[in-house]
Every structure is written in C-alpha cells, then in structure tokens.
S.K.: 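Got a structure for you, questions after.
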Amino acid sequence: MFLQTIKTQVAIIGAGPSGLLLGQLLAKQGISNIILERVTGDYVLGRIRAGILEQGFVNLVREAGVGARMDREGEIHEGFAIAVNGKLTHIDLKGLTGGKTVMCYGQVEITKDLMEARAAAGLSTYYQTSELALHDVNAEQPSVTFNYQGQAYTLSCDYIAGCDGFHGVSRQTIPQALRTEHERVYPFGWLGVLSDTPPVSEELIYCHHERGFALASRRSATRSRYYLQVPLTEKVEDWSDDAFWEELKRRLPAELAEQLVTGPSIEKSIAPLRSFVCEPMQYGQLFLVGDAAHIVPPTGAKGLNLAASDVATLYAILTRVYQQGDKACTSRYSEIALRRVWNGERFSWWMSNMLHNYQGMPVADMGSLTFKRFMESELNYYLQSEAGRRVIAEQYVGLAYESV
Ligand code: APR
Ligand code: PHB
C-alpha cells in the first residue's frame, strides 16, 4: 500500500463536539489542524444527546463564529423545576445567580453547525478512518497513522488532541501505570424518548418520584425530550410508546400529567449512567478532551459543558504556545481542566443520588433504606432553603472558566 505523509500543527482525533469546536477555534487563530474521525458525519449526527448549554459554552461557540443559528433558534432558560413526589419547586437560575441563564439547544444542532462551518472554511476532516494509532506522543514530533479510502497515512504534528470519546484510542495511549481511572457505574439507566409533540413545560422539570426519576426536557416549542429511570435489565424493545407515556404520566406532577401531549416516538433508547475520570488528562504532547477523559451521569446536564471547558483551556494554551512561544504552559492543561471536571463530576453525582430512587438496588449500590432517607432529607433541605437552591443554581449555570 502506498504511504501518504501529511503534516499539521494539531492533530485532532474525533469529530464530536469537542474536536469540532477545538478545530474551529484553533483555525481562527491561524493554527492548522486536521480532524480524523472513525465514522461518517451522518453517523455522528445520528446520536441524540443532551441540550443544555452553559454561558461559557455559548460564548465559546460565538467566539468560534458558529453561533448564528444557536442564537436564532436556541431558547434561553431562566430557570427549571424539581418535583418531589408531585410537588414542584422552582429553581430561579437568573434570580439566584445574579442574572445567569442557560441555553436550550440540542447537541446535534451544535455539531451540525460546527461541521458546516468547518466544511465552509475548507478545513480538513477525514471521515471513516480506520486502524488509527498514536506514535511518539512523548517526543517533539508525534504522529498519527491511519487508513483512509484504502490508503495508509501518516499525519505528523506538534500536538495531538484526543477528542475521541469514551471508547476512543487516545486515552489507551497513556501507559496504564501512569494513569488512574476513577469509575462509578450506577445501577439504573435512562430510557429516553424524542417526539414531535409540544413539550409539557416551558422549563425543564426534574422529577424525583417513588416509582423512579423522570425528566421533562425539550428541543423546541414542537419537539419534546423525556426520560425515565429504568432498571439496567430493561430492554428498549419492551417499551412501547404507550407504556412510556403511561409511566411518564405517573411520575409527573398530576396537573402536568393531565396536560401531557403524547405522540409517536422518533427516537427511543436506553443509556447507562456512569461517572468516570482519567487522571492525568495529558501525556507528552497528547491532551485528552471531553468524553475521552471523563463521563458524567446526565442528571446535571454537564457532559457537553465539561467538554467545552476542556476545549477552552486547551485552546488558550495552544494559542499561547503558537503566538508567544510559551511551550512550558502546556504542562498545566491537566491540572486546570481537572479542577473544573471534578466539580462537574461531584455535582452530577450529587444530583443523581438525590433525584433517583435506589430502592430495590443492592445495598452495596446504595440501595439501603438509610441512604434513601439521607437523600430525601438532603433534597428537602436544599429545596426549601434559598441558600440551598442557590447552590444548585450556581452549579447548573456553570462555574467560571479558569484562566491559563
Ligand atoms: N478514531 C477516530 N475517531 C474516533 C475513534 C478512533 N479510534 N474513536 C472514537 N472516535 C470518534 C467517535 O466516532 C466520535 O464521533 O470520536 C468522537 C467522539 O465524540 P463524542 O463521543 O461525542 O465526545 P466529545 O466530542 O468529547 O463530546 C462530548 O458531551 O454531552 C456529552 O457525551 C456527550 O458526546 C457528548 C460529549
Ligand atoms: C436533554 O434535553 O436531553 C437533557 C436535558 C437536561 C439533562 C439531561 C438531558 O440534565
């Protein structure tokens, strides 16, 4: 096979939101980059993900010059609600945080906007690559080898951004003895339904219920996204649309259940819940970004937002490297990124514990009655106290990005 050699400053592995956003920002600063993706663009866009964006993320997308459709079609949310066995408490994000809000705009839409902007700018992306491997990441000039359209390639570069998600190859390139992986797998999953029906509420509603957690979310005035906590043993084929709507009605506050508009699902899937962090997030010239380094359960809406803060940190570092010649600052990436990651991890874990029902789970998985009582008390305390609601609000809108 003929070997083709190409060159760039930053090799980006993965065309998910992390890789695409980083690529767009670097290109704005004149830093060349090539993205290598395992699947097709359409496949990437077929994965339905969450849709709550922190202000920091929104600003970054605008800085990348890709915010026009988001600003037109996204919804600003000034608050959300938590329902405990049918009783609603409003979390006034704007009032409790001195004016901060979140943007409701699907991850799929952001990804699509980023892909289109990248194509329009003529930036290089190789889709459907295979056999991808990282080399010499600990040396001055690392490289990535891969196959593309039947041809073997070597991409030589200064730095590698591992934006290849939880199942990617980048993290595995860090020698096992040099990384620590923290993991908690939750004893339940989320069954999600997307439907072209008017959402039951203008704001998101997180429901703690004796039958299990539920979430009423949305994508627009005509598209809803709902979730139900289900045992991990459940199969998506066993859930008819009718069964889903009936169970959702049981878990929503009664007045909302009455108003719920149901319809055929356009997507239905079960996702497991996991907390995961890899420390450190860098090795030599390789930096892990987003899901490649950490996973959170979706309860705090932090997955995409933590990916964005990694991107912001790496973008600031690489800009400094290429504009000021400060190569030493690269050593600070992991330390800066992990501080914010651990906060998001803790918040997502805490929200998950308070809002789900662990009844019937093994005691080792926190299924004891004592744990249930602790969590009921915790939720009750945080919701009835303004200080408590502020603690939730401050983290939901997102902590400030640390400067490099
Ligand atoms: N070679 C090339 N690309 C790869 C490889 C590989 N060996 N392995 C994985 N990829 C690609 C995947 O196909 C995927 O498109 O890397 C991409 C990673 O994208 P995501 O999993 O979406 O991860 P990330 O971009 O970090 O997005 C952050 O936020 O809301 C959360 O989990 C949600 O995807 C979301 C994440
Ligand atoms: C979603 O709309 O898919 C969504 C919103 C908020 C979450 C999780 C998922 O916390």
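Whatever order the structure lists them in is the order used to number ligands and atoms, beginning at 1. Below, each value reflects all heavy atoms present in this structure, side chains not excepted, and no hydrogens, waters or symmetry copies.
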S.K.: If only atom types and distance count, is the side chain of R225 paired as donor or acceptor with the main-chain N or O of G106 below 3.5 Å?
M.R.: no

S.K.: Looking only at protein heavy atoms, which one is nearest to atom 30 (O) of ligand 1, and how far off is it?
M.R.: Q107 OE1, 3.0 Å

S.K.: Distance to 0.1 Å, residue and atom name: give those for the protein heavy atom nearest to atom 9 (C) of ligand 1.
M.R.: D164 O, 3.1 Å

S.K.: Among all protein heavy atoms in this structure, tell me which lies nearest to atom 27 (O) of ligand 1, with the distance rounded to 0.1 Å.
M.R.: P17 CG, 3.5 Å

S.K.: Near L204, which atoms of ligand 2 are under 4.0 Å from a heavy atom of that residue?
M.R.: 5 (C), 6 (C)

S.K.: Is there any N or O on L132 that sits under 3.5 Å from an N or O of ligand 1?
M.R.: no

S.K.: Closest non-hydrogen protein atom to atom 6 (C) of ligand 2, residue and atom name please, with distance?
M.R.: Y206 OH, 3.3 Å

S.K.: Can you tell which part of A307 has a heavy atom less than 4.0 Å from ligand 1: side chain, backbone, both or neither?
M.R.: side chain

S.K.: Between ligand 1 and T129, is the shortest N or O to N or O distance under 3.5 Å?
M.R.: no

S.K.: Would the number of heavy atoms belonging to other residues, nucleotides or ligands and lying under 6.0 Å from CD of Q384 be above 12?
M.R.: yes

S.K.: Taking only heavy atoms of T299, which atoms of ligand 2 are found under 4.0 Å from at least one of them?
M.R.: 10 (O)

S.K.: Using a 4.0 Å cut-off to any heavy atom of C163, which atoms of ligand 1 qualify?
M.R.: 16 (O), 17 (C), 18 (C)

S.K.: Among R38, Q128, R49, whose heavy atom sits nearest atom 33 (C) of ligand 1?
M.R.: R49

S.K.: Can you find a side-chain donor-acceptor pair between Q107 and R47 that sits under 3.5 Å?
M.R.: no

S.K.: Using a distance-only test with no angle check, is there a side-chain donor-acceptor pair under 3.5 angstrom linking S32 and T8?
M.R.: yes

S.K.: Below a 4.0 angstrom heavy-atom separation, can you tell me which part of P298, side chain or backbone, both or neither, approaches ligand 1?
M.R.: neither

S.K.: Does S156 offer a backbone N or O that forms a donor-acceptor pair with the side chain of Q141 under 3.5 Å?
M.R.: no

S.K.: Side chain of E279, backbone of R179: donor and acceptor closer than 3.5 Å?
M.R.: no

S.K.: Checking T154 against S143: is there a side-chain donor and acceptor pair closer than 3.5 Å?
M.R.: no

S.K.: What protein heavy atom lies closest to atom 21 (O) of ligand 1? Include the residue and the distance to one decimal.
M.R.: G165 CA, 3.7 Å

S.K.: Under 4.0 Å from a heavy atom of A301: give me the atoms of ligand 2 that qualify, with their elements.
M.R.: 6 (C), 7 (C), 10 (O)

S.K.: For the pair Y153 and Y126, evaluate ring pair (Phe, Tyr, Trp, His ring centres under 6.0 Å) and give the outcome as yes or no after the intermediate values.
M.R.: CA-CA 11 Å; Y153 281 78; Y126 291 70; 5.5 Å; yes

S.K.: Hey, is ligand 2 close enough to W190 that some N/O pair sits below 3.5 Å?
M.R.: no

S.K.: Keeping W245 on the side-chain end and G263 on the backbone end, is there a donor-acceptor pair under 3.5 Å?
M.R.: yes

S.K.: For R219 and ligand 2, answer yes if some heavy atom of the residue is under 4.0 Å from a ligand atom, otherwise no.
M.R.: yes

S.K.: Could you find the nearest protein heavy atom to atom 19 (O) of ligand 1 and give me its residue, atom name and distance?
M.R.: G16 CA, 3.6 Å

S.K.: Is L215 near ligand 2, meaning one of its heavy atoms is under 4.0 Å from it?
M.R.: yes

S.K.: Are any side-chain N or O atoms of S334 and backbone N or O atoms of M281, one a donor and one an acceptor, separated by less than 3.5 Å?
M.R.: yes

S.K.: Would you please classify the geometry between the F213 ring and the H356 ring as parallel, tilted or perpendicular, with 30° and 60° separating the classes?
M.R.: tilted

S.K.: Please report which non-hydrogen protein atom sits nearest to atom 28 (C) of ligand 1, along with the residue it belongs to and the distance in Å to one decimal place.
M.R.: D291 OD1, 3.6 Å

S.K.: For a side chain to side chain contact (heavy atoms under 4.5 Å, CB included) check, start with the C-alpha distance between E131 and T145, then their side-chain angles and the critical distance, and finish with the verdict.
M.R.: CA-CA 8 Å; E131 311 286 324; T145 54; over 6 Å; no

S.K.: Of the protein's non-hydrogen atoms, which lies at the shortest distance from atom 3 (O) of ligand 2, and what is that distance?
M.R.: Y227 OH, 2.6 Å

S.K.: Which residue and non-hydrogen atom of the protein lie closest to atom 13 (O) of ligand 1, and at what distance in Å?
M.R.: E37 OE2, 2.6 Å

S.K.: Who pairs with R339 by side chain to side chain donor-acceptor pair (under 3.5 Å), at least two apart in sequence or on another chain?
M.R.: E335, E402

S.K.: Short list, please: which atoms of ligand 1 are under 4.0 Å from a heavy atom of L36?
M.R.: 2 (C), 3 (N)

S.K.: Should you measure from each heavy atom of V169, which atoms of ligand 1 turn up under 4.0 Å away?
M.R.: 7 (N)

S.K.: Tell me, which protein residue and heavy-atom name are nearest atom 8 (C) of ligand 2, and how many Å apart are they?
M.R.: P298 O, 3.3 Å

S.K.: Taking the non-hydrogen atoms of A50, is any one of them nearer than 4.0 angstrom to ligand 1?
M.R.: no

S.K.: Closer than 4.0 Å to some heavy atom of V39 - which atoms of ligand 1 meet that?
M.R.: 13 (O)

S.K.: Output the list of atoms in ligand 2 that are nearer than 4.0 Å to some heavy atom of A50, sorted by atom number.
M.R.: 1 (C), 3 (O), 4 (C), 9 (C)

S.K.: Is the contact between L306 and ligand 1 made by the side chain, the backbone, both, or neither, using heavy atoms and a 4.0 Å cut-off?
M.R.: neither

S.K.: Which is closest to atom 15 (O) of ligand 1 in terms of heavy atoms, K302, E131, R47, Q172?
M.R.: R47

S.K.: With heavy-atom distances below 4.0 Å as the criterion, list the atoms of ligand 2 near R225.
M.R.: 3 (O)

S.K.: Examine distances only and state if a side-chain atom of D241 and a backbone atom of P264 form a donor-acceptor pair shorter than 3.5 Å.
M.R.: no

S.K.: Output the list of atoms in ligand 1 that are nearer than 4.0 Å to some heavy atom of G290, sorted by atom number.
M.R.: 26 (O)

S.K.: For F166 and F276, take the angle between the two ring planes, folded into 0 to 90°, and tell me which bin it lands in: parallel under 30, tilted 30 to 60, perpendicular over 60.
M.R.: perpendicular

S.K.: Taking only heavy atoms of V44, which atoms of ligand 1 are found under 4.0 Å from at least one of them?
M.R.: 15 (O)

S.K.: Without placing hydrogens or testing angles, list every side-chain donor-acceptor pair under 3.5 Å for residues 79-93, not counting sequence neighbours.
M.R.:
unit_1, atom_1, unit_2, atom_2, d
N85, OD1, E210, N, 3.2
H90, NE2, E203, OE1, 2.8
D92, OD1, G95, N, 2.9

S.K.: What atoms in ligand 1 come closer than 4.0 Å to a heavy atom of G168?
M.R.: 8 (N)

S.K.: Can you tell me which residue and heavy atom of the protein come closest to atom 25 (O) of ligand 1, and the distance to 0.1 Å?
M.R.: S18 N, 3.0 Å

S.K.: If the test is side chain to side chain donor-acceptor pair (under 3.5 Å), which one of R118, Q9, Q24 qualifies with N33?
M.R.: R118

S.K.: Tell me whether L304 has any N or O atom under 3.5 angstrom from an N or O of ligand 1.
M.R.: yes

S.K.: Let me see the working for D113 and Y105 under side chain to side chain contact (heavy atoms under 4.5 Å, CB included), right down to the final yes or no.
M.R.: CA-CA 11 Å; D113 296 346; Y105 186 64; 2.6 Å; yes

S.K.: Quick one: look up the protein heavy atom nearest atom 2 (O) of ligand 2 and list residue, atom name and how far away it is.
M.R.: S217 OG, 2.5 Å

S.K.: Tell me, with the steps shown, if L228 and W239 meet side chain to side chain contact (heavy atoms under 4.5 Å, CB included).
M.R.: CA-CA 11 Å; L228 293 175; W239 281 87; 4.0 Å; yes

S.K.: Could you tell me whether a side-chain N or O of K302 sits under 3.5 Å from a main-chain N or O of Q395, the two making a donor and an acceptor?
M.R.: yes

S.K.: Decide whether an N or O pair under 3.5 Å exists between H167 and ligand 1.
M.R.: no

S.K.: Going by atom types only, do E63 and Y315 share a side-chain donor-acceptor pair under 3.5 Å?
M.R.: yes

